[in-house]
Amino acid sequence: MSKRAIVTGISGQDGSYLAELLLDQGYEVVGVTRRLSAPNHWRIEHLLDRITLRPADLLDQLSLIRVIDEVRPHELYNLAAMSFVPASWDQPLLTGEYNAQGVTRVMEAIRQVDTSIRVYQASSSEMFGKVRETPQTELTPFYPRSPYGVSKVFAHYITVNYRESYDLFAVSGILFNHESPRRGLEFVTRKVTHGAARIRLGLADTLSLGNLDARRDWGFAGDYVRAMWLMLQQDRADDYVIATGKSHSVRELVEIAFSHAGLDWRAHVRTDPALLRPAEVDHLIGNPARAEAELGWRPSVDFEGLVRMMVDADVERLSAAR
Ligand code: NAP
Ligand code: G4F
């Protein structure tokens, strides 16, 4: 009998890669999408004949209970969230409703329908914020620096709490930044690779960025969804840091992307104070030792390979559209 999985946030970057992985593993995949006036399926268009989409919203408890009750999945991956950090200062209450109480609603729906459903919660390295130690591990204290980070800390602890209170197989994956050609255009990696591709093709001349000194531990999304799946296949539910163990600055990202596009970044990149954040996370770097030892997980794409992959994909996409 094949396993069934529900993926919330299936229309997002991670949802699309996770759906591919689960289909490859023989799962029946049910994606949860919220109602929009027009579908947002560009990342999962190629999967639509192999997955089922069901409507539900993290804001609506009954819709979550209904879909879980009707599908009766073996596993649920809760990836849906308001995921763009700057937007969380503009809409802090809504961010909390989606990312914090939305997770309580998911956990509560599982508790009410079937406590044997295994659940993955998409936690974030943004929880470490103003970091208390370097590199960060599963034991590093949290110090979030944005409403987004605060909401994810709540989500992390409600996941742990449902595990400890109701014996749910509930795990929290503390994932560091992961990127791909399917990354949203507002995130810095894709903004840079798309910007470099546009300049290379003569469609633009400049690119405005914020803090070039910020450092992140960037990996490839395709590798990171494999870690999510592995976490739900263990004998015991636990929380894991997923990271490459290497960090790079936004400036290094820009240098590699522009040079791969055959450009001198200094001639095109401007800094705009309006893009600075009210409170910045300066440097994130994770220690994935537990994931390596217990899950056997290792990343397969390095930073340069990731940036080059994204620039190539953007050049190809923009060239085809011309
Ligand atoms: P993403 O591309 O922004 O996708 C977010 C998904 O959530 C979209 O499918 C979106 O649907 C859905 N969603 C948002 N609000 C919803 C609601 N109220 N009800 C139902 N669905 C809703 O994000 P991602 O990069 O794939 O990240 C996946 C998860 O991992 C998120 O929880 C994110 O916070 C977390 N995370 C990401 C990273 C990273 O570096 N990518 C690192 C750590 C943690 P629409 O298409 O309708 O907008
Ligand atoms: O690409 P970013 O917007 O990602 P950020 O804030 O690190 O958040 C991402 O990773 C988290 C995991 O740590 C996820 F939980 C979250 O959902 C999201 O996927 O910004 C990265 C860095 C920041 O320090 C930012 O200040 O890049 C800096 N940056 C510099 N110029 C910029 C820009 N970021 C954006 N988005 N746009 C700029 O122009």
Side-chain angles (χ1 to χ4, degrees), residues 7-18 31-36 38-44 55-60 63-64 67 77-88 94-95 97-99 101-103 105-106 120-129 136 144-146 148-149 151-152 155-156 172-180 182-192 195 207-221 224-225 228 242-243 248-251 253-254 269-272 274-286:
V7 179
T8 73
I10 197 164
S11 59
Q13 171 188 258
D14 291 6
S16 66
Y17 284 105
L18 180 64
V32 163
T33 54
R34 55 180 165 172
R35 205 201 87 79
L36 300 171
N40 172 24
H41 290 160
W42 64 275
R43 297 182 177 100
I44 50 170
D57 198 302
L58 291 181
L59 298 182
D60 189 298
S63 70
L64 293 168
V67 75
Y77 296 84
N78 184 40
L79 309 186
M82 198 303 289
S83 70
F84 188 47
V85 172
S88 74
L94 192 58
T95 300
E97 282 297 336
Y98 283 156
N99 295 5
Q101 293 301 22
V103 180
R105 293 186 191 98
V106 169
Y120 171 86
Q121 166 54 23
S123 287
S124 165
S125 52
E126 273 291 303
M127 300 191 300
F128 297 122
Q136 294 85 53
R145 294 272 280 169
S146 63
Y148 171 86
S151 72
K152 286 285 183 179
H156 171 82
S172 164
I174 307 174
L175 271 51
F176 283 62
N177 300 49
H178 45 279
E179 320 291 318
S180 74
R182 298 183 198 165
R183 188 56 142 151
L185 282 170
E186 67 273 43
F187 299 93
V188 75
T189 51
R190 185 78 201 291
K191 185 173 172 183
V192 167
L207 177 67
S208 292
L209 294 171
N211 178 10
L212 301 184
D213 296 321
R215 297 183 72 86
R216 290 289 184 277
D217 180 332
W218 278 294
F220 171 53
Y224 285 48
V225 299
M228 297 175 188
I242 302 298
H248 299 271
S249 65
V250 174
R251 185 176 284 98
L253 159 70
V254 169
V269 172
R270 312 272 175 269
T271 50
D272 178 353
L275 293 169
L276 299 177
R277 299 178 178 189
E280 177 63 290
V281 171
D282 296 318
H283 185 190
L284 293 175
I285 179 167

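When a ligand or atom number is given, it counts from 1 through the structure's own listing order.
- A salt bridge between Asp213 and Arg251 is present, with a side-chain N of the basic residue lying under 4.0 Å from a carboxylate O of the acidic one.
- The atoms of ligand 2 that sit less than 4.0 Å from any heavy atom of Ser125 are 12 (C), 13 (O).
- Taking only nitrogen or oxygen atoms, main chain and side chain alike, Ala56 does not reach within less than 3.5 Å of ligand 1.
- For Ser123, the closest heavy-atom approach to ligand 1 falls below 4.0 Å.
- Residue Glu280 has at least one heavy-atom neighbour below 4.0 Å for each of these atoms of ligand 2: 23 (C), 24 (O), 25 (C), 26 (O).
- Ionic pairing of Glu280 and Arg216 is present here: one or more N-O contacts between side-chain nitrogen and carboxylate oxygen are shorter than 4.0 angstrom.
- At a 4.0 Å heavy-atom cut-off, ligand 2 touches Leu209 through backbone and side chain alike.
- Among protein heavy atoms, atom 36 (N) of ligand 2 sits closest to Glu186 O, 2.9 Å.
- Using a 30° and 60° split on the angle between ring planes, Phe220 and Tyr17 fall in the perpendicular class, above 60°.
- Taking any N or O of Met82, backbone or side chain, none lies under 3.5 Å from an N or O belonging to ligand 1.
- Looking at Ala214 against ligand 2, only its side chain comes within 4.0 Å, counting heavy atoms.
- Using a 4.0 Å cut-off between heavy atoms, Val85 contacts ligand 2 through its side chain alone, with no backbone atom that close.
- Within the structure, the closest approach of Glu126 to ligand 1 does not fall below 4.0 Å when heavy atoms are considered.
- With atom 23 (O) of ligand 1 as the reference point, the heavy atom nearest to it among Ser124, Ser83, Gly12 is part of Ser83.
- Ranked by closest heavy atom to atom 38 (C) of ligand 2, the top entry among His178, Lys191, Arg216 is Lys191.
- In this structure, Arg182 falls outside the shell of residues with a heavy atom less than 4.0 angstrom from ligand 1.
- Selection from Asp14, Asp57, Val32 by nearest heavy atom to atom 17 (C) of ligand 1 gives Asp57.
- Using a 4.0 Å cutoff on heavy atoms, Tyr148 counts as a contact of ligand 1.
- Residue contacts with ligand 1 include Asn177, since one or more of its heavy atoms lies under 4.0 Å from the ligand.
- Near Tyr148, the atoms of ligand 2 lying under 4.0 angstrom from a non-hydrogen atom of the residue are 14 (C), 15 (F), 16 (C), 17 (O).
- Here atom 19 (O) of ligand 2 lies nearest to Arg183 when heavy atoms of His283, Arg183, Met82 are compared.
- Among Tyr224, Tyr77, Trp42, Tyr98, the residue whose heavy atom lies nearest to atom 18 (N) of ligand 1 is Tyr98.
- Under 4.0 Å from ligand 1, not a single heavy atom of Thr8 appears.
- For atom 10 (O) of ligand 2, the closest heavy atom belonging to the protein is Asn177 ND2, 3.0 Å.
- Neither the backbone nor the side chain of Gln13 has a heavy atom within less than 4.0 Å of ligand 2.
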